[in-house]
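What follows is a single structure, and I will ask about it in a moment.
Both ligands and their constituent atoms are indexed starting at 1 by order of listing. Atom set for the values below is all heavy atoms of this structure, side chains included, hydrogens, waters and symmetry mates excluded.
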Amino acid sequence: MQLPHALAIAEGVQLWPEALDQSQQAELLGAVLSAVEKAPFVHPTMPRTGTPFSVTQTNFGTLGWVSDRDGYRYQELHPNTGKPWPPIPPMLISLWHAALPDAPDPQCCLVNYYDAGARMGLHQDRDETALDVPVLSVSLGAKALFRLGGTSRKSPSRSLTLHSGDLLAFGGPARLAFHGIDRIVAGSCGLVPDGGRINLTLRRV
Ligand code: SIN
Ligand code: FE2
């Protein structure tokens with residue numbers, strides 16, 4: 001897979017707008033939905049409080065990121081089926097290597113599904129020890145208002161619209177940048193069933 005030149009959004013943050021054309025987006029969505037049949041979406045909850053997330057999640061790869069009352073962690077098995085997570089679809093592996101030529105294979109692909117009201121609070125991806133490897137996120141479906149901050153919760157933040165087919169990488173000085181999804185624009189794209197959004201986050205753990 002060849003990628004166009006990335007836009008430098010901030011130090012360590014690269015955006016490839018619509019890196020996937022419509023037919024590639026449809027192909028990737030097909031691969032994702034067929035893997036989801038083996039690893040259905042789960043309703044994660046916040047550590048301690050048990051408050052449900054507004055997104056539902058599943059994973060592909062050797063390790064999956066889960067959250068429940070016991071905390072955030074990576075584990076090898078789907079919490080409900082007890083089976084290993086399905087492999088990361090080859091198209092995502094190709095995208096990873098095209099975007100991050102120096103990185104070893106990803107170990108985890110977290111899949112977030114956003115319906116009309118879903119959002120994701122400002123957070124850092126910090127449950128990994130491989131902080132030298134960037135995080136790569138792929139967006140499919142409805143537009144999302146992504147918030148990008150700095151490495152402190154109080155750092156100023158900016159809003160960025162992520163469209164279907166966009167790739168966003170954050171690494172180096174931005175690897176621990178705070179980020180989140182303020183909201184999606186439900187129905188702005190018909191790709192994902194019910195006008196929602198799927199985000200695929202690839203990481204080394
Ligand atoms: C996340 O940070 O886990 C998700 C980001 C996104 O949905 O674009
Ligand atoms: Fe994140």
Tell me whether the rings of H78 and W85 are parallel (<30°), tilted (30 to 60°) or perpendicular (>60°). tilted

Common cluster, I181/I9, ILVMFWY with side-chain heavy-atom separation under 4.5 Å: yes

Here the N/O/S atom of D125 closest to the Fe ion (ligand 2) would be OD1

By number and element, which atoms of ligand 1 are closer than 4.0 Å to a non-hydrogen atom of I181? 6 (C), 7 (O), 8 (O)

Closest approach of any protein heavy atom to atom 3 (O) of ligand 1, naming residue and atom: N112 ND2, 3.4 Å

Geometric N/O contact R203 with ligand 1, under 3.5 angstrom: no

Determine, using ring centers only, whether H43 and F53 are less than 6.0 Å apart. no

Using side chain to side chain donor-acceptor pair (under 3.5 Å) as the criterion, point out the one residue from Q25, E18, R197 that pairs with S139. R197

List ligand 1 atoms under 4.0 Å from R197, heavy atoms only on the residue side. 6 (C), 7 (O), 8 (O)

Can you confirm, on distance only, whether ligand 1 has an N/O atom lying under 3.5 Å from any N/O atom belonging to N199? yes

Side chain or backbone, does H123 bring an N or O within less than 3.5 Å of an N or O on ligand 1? yes

T201 N/O under 3.5 Å from ligand 1 N/O: no

Could you list which atoms of ligand 1 come closer than 4.0 Å to a heavy atom of Y114? 4 (C), 5 (C), 6 (C), 7 (O)

State whether the shortest distance between N or O atoms of H179 and N or O atoms of ligand 1 falls below 3.5 angstrom. yes

For Y74 and E128, which I'm curious about, is there any donor-acceptor pair between the side chains at under 3.5 Å? yes

How open is the angle at the Fe ion (ligand 2) from atom NE2 of H179 over to atom NE2 of H123, rounded to 10 degrees? 90°

Without swapping roles, check the side chain of T58 against the backbone of F41 for a donor-acceptor pair under 3.5 Å. no

salt_bridge(D127, R73) N-O dist < 4.0 Å: no

So, are E76 and K83 salt-bridged, with charged N and O less than 4.0 Å apart? no

